[in-house]
Amino acid sequence: DGGITQSPKYLFRKEGQNVTLSCEQNLNHDAMYWYRQDPGQGLRLIYYSQIVNDFQKGDIAEGYSVSREKKESFPLTVTSAQKNPTAFYLCASSIGQAIGVTGELFFGEGSRLTVL
Amino acid sequence: AQKVTQAQTEISVVEKEDVTLDCVYETRDTTYYLFWYKQPPSGELVFLIRRNSFDEQNEISGRYSWNFQKSTSSFNFTITASQVVDSAVYFCALGDYGGSQGNLIFGKGTKLSVKP
């Protein structure tokens, strides 16, 4: 089935460690996104990428890094510089960037990161 | 500034009741898109509807209906004869008409619990 796969589903990290969250899609979508969701909050954009080897910062990029070496993959690294990393992280994709063209975002099931 | 307000944090109904989820938005743009997404317990957001600001017709899809009123900046979502499977968090979102999926503004969500 086509879709977005995020792993791991649950992740625990000690303070000071970097962790990488995986996001893979087989929808042949050009655009991919990372969102952060905190309890009782809407989604906040961390990074997004329109094409391979290109990405832009979202609203809360500090303390995070991404890469887009392949069309189907968009991993997110939560670095030790992120002061409050405990959250639910969602990866999404769309056919293209423009809302008028793509219509909708497709989401993975998320990764829940807890810092101990 | 653009903003989406979902004033109802949590709603609880009994199966077969009708329920309306409110969404009020703020934007200076005259043209824009509005969305509703559903987030079931599994975590991924699922697209429900996209509406552009030109089209103020109400839309019905099975038990779901949407009431877009530009005069009051509202885009409310009604579920008729609710079912336990409707239990989820529902997000309303606002996007620029010529803009990017990455710039969607999400509300904080309304958690709907449907009890048998």
Side-chain angles (χ1 to χ4, degrees), chain A residues 1 3-10 23 25 29-50 54-61 66 74 87-113, chain B residues 1-11 21 23-27 29 31-55 59 61 88-112:
Chain A
D1 286 352
I4 298 180
T5 302
Q6 290 187 238
S7 63
K9 202 170 179 70
Y10 299 95
C23 177
Q25 54 102 355
H29 285 173
D30 288 317
M32 297 187 74
Y33 313 81
W34 273 105
Y35 290 91
R36 172 179 171 140
Q37 184 180 15
D38 293 288
Q41 301 295 314
L43 276 64
R44 292 184 291 169
L45 183 67
I46 305 173
Y47 269 98
Y48 64 103
S49 167
Q50 299 181 60
D54 183 59
F55 47 83
Q56 289 79 42
K57 292 181 178 180
D59 300 323
I60 56 166
V66 293
F74 190 41
F88 187 58
Y89 292 89
L90 283 158
C91 180
S93 71
S94 61
I95 295 172
Q97 265 260 83
I99 296 175
V101 172
T102 65
E104 64 180 284
L105 293 167
F106 292 80
F107 284 84
E109 291 190 341
S111 293
R112 189 169 298 282
L113 172 63
Chain B
Q2 294 184 315
K3 186 178 178 182
V4 175
T5 301
Q6 295 180 255
Q8 303 150 308
T9 306
E10 293 192 39
I11 300 176
L21 310 182
C23 174
V24 174
Y25 61 92
E26 295 175 30
T27 180
D29 297 336
T31 55
Y32 45 87
Y33 284 104
L34 294 163
F35 298 80
W36 276 95
Y37 280 86
K38 173 183 180 180
Q39 185 179 36
S42 53
E44 82 283 12
L45 273 74
V46 177
F47 169 82
L48 296 177
I49 190 171
R50 180 190 75 170
R51 172 55 52 86
N52 73 55
S53 54
F54 290 112
D55 184 2
E59 181 154 342
S61 176
V89 180
Y90 291 86
F91 291 96
C92 181
L94 169 68
D96 295 336
Y97 192 76
S100 160
Q101 291 279 10
N103 290 332
L104 288 185
I105 307 296
F106 285 86
K108 293 186 177 182
T110 296
K111 183 177 181 182
L112 174 64

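As a basis for the values below, the full set of heavy atoms in this structure was taken, side chains included, without hydrogen atoms, waters or symmetry mates.
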- Message: For B:Lys38, I'd like to know if atom NZ has over 12 heavy atoms of other residues, nucleotides or ligands within 6.0 Å.
- Response: yes
- Pick from A:Cys91, A:Gly40, A:Ala31, A:Gly110: which one has the most heavy-atom pairs with chain B under 4.5 Å? A:Gly40
- Given B:Leu104, B:Leu45, B:Val46, the one that forms side-chain contact (heavy atoms from CB on, under 4.5 Å) with A:Leu105: B:Leu104
- Message: Let's test your reading of the structure: which of A:Gln50, A:Gln37, A:Lys9 forms the most heavy-atom pairs below 4.5 Å with chain B?
- Response: A:Gln37
- Go through the atoms of B:Ser42 and report whether side chain, backbone, both or neither lie under 4.5 Å from a heavy atom of chain A. both
- For A:Tyr35, is it the side chain, the backbone, both, or neither that has a heavy atom closer than 4.5 Å to a heavy atom of chain B? side chain
- Euclidean distance, A:Leu90 CG relative to B:Gln39 CD, rounded to 0.5 Å: 6.0 Å
- Task: Please look at A:Gln56 and chain B and tell me whether the side chain, the backbone, both or neither of the residue comes under 4.5 angstrom of a heavy atom of that chain.
- Result: neither
- Can you tell which of B:Glu10, B:Glu44, B:Gln6 has the highest number of heavy-atom pairs within less than 4.5 Å of chain A? B:Glu44
- Message: Just verifying a value: how many Å separate B:Leu48 CG and A:Glu104 CD, rounded to the nearest 0.5 Å?
- Response: 10.0 Å
- Query: Do the non-hydrogen side-chain atoms of A:Leu43 and B:Tyr37 ever get within less than 4.5 Å of each other?
  - Reply: no
